[in-house]
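Written below as structure tokens is the structure these notes are about.
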Amino acid sequence: MIKAIIIEDEISARERLISILQQVSPDINIVASFSYVKESIDYLQKNLPIDLIFCDVQLPDGLS
């Protein structure tokens with residue numbers, strides 16, 4: 001199982017990506033999703049390594 005997170009502030013884009021991933025690659029497990037750079041960094045520093053990150057470039061609190 002591939003552990004992944006999504007960093008995307010647009011809810012519709014995040015939901016669409018999750019839907020596509022579930023259809024195309026059911027072995028990808030989205031373990032978390034975030035809208036801000038800071039919260040994603042906090043998560044990554046406190047949790048086990050992630051195999052894959054889907055990340056928007058421009059977020060409300062900065063560039064990822």
Taking all heavy atoms of [X] and all of [Y], pick out the closest pair and write down the distance.
X: Leu17; Y: Phe54; result: CD2-CB, 3.6 Å
X: Ala4; Y: Ile28; result: CB-CG2, 3.8 Å
X: Leu59; Y: Ser35; result: CD2-O, 3.8 Å
X: Asn47; Y: Tyr43; result: ND2-O, 2.7 Å
X: Ile50; Y: Lys3; result: CG2-O, 3.3 Å

CZ on Arg16 to CG on Leu21, rounded to 0.5 Å: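 Those atoms lie 10.5 Å apart.
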Point-to-point distance, once rounded to the nearest 0.5 Å, from CZ of Arg14 to CD1 of Ile7: 11.0 Å
Quick one: are [X] and [Y] in side-chain contact, heavy atoms under 4.5 Å?
X: Cys55; Y: Glu8; value: no
X: Ile5; Y: Phe34; value: yes
X: Ile6; Y: Asp56; value: no

Whether Gln22 side chain and Ser19 backbone form a donor-acceptor pair below 3.5 Å: no
Determine, for Lys46 against Asp42, whether the closest basic-nitrogen to carboxylate-oxygen distance falls under 4.0 angstrom.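 Looking at Asp42 together with Lys46, the answer is no, because their closest N to O distance does not fall below 4.0 Å.
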Are Ile30 and Leu52 joined in one hydrophobic group, where the rule is that I, L, V, M, F, W and Y side chains link up if heavy atoms are under 4.5 Å apart?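 Yes, Ile30 connects to Leu52 through the hydrophobic network.
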Can you confirm whether Ile11 is buried at CD1, in the sense that more than 12 heavy atoms of other residues, nucleotides or ligands lie under 6.0 Å from that atom?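 It does not: Ile11 CD1 has 12 such atoms or fewer within range.
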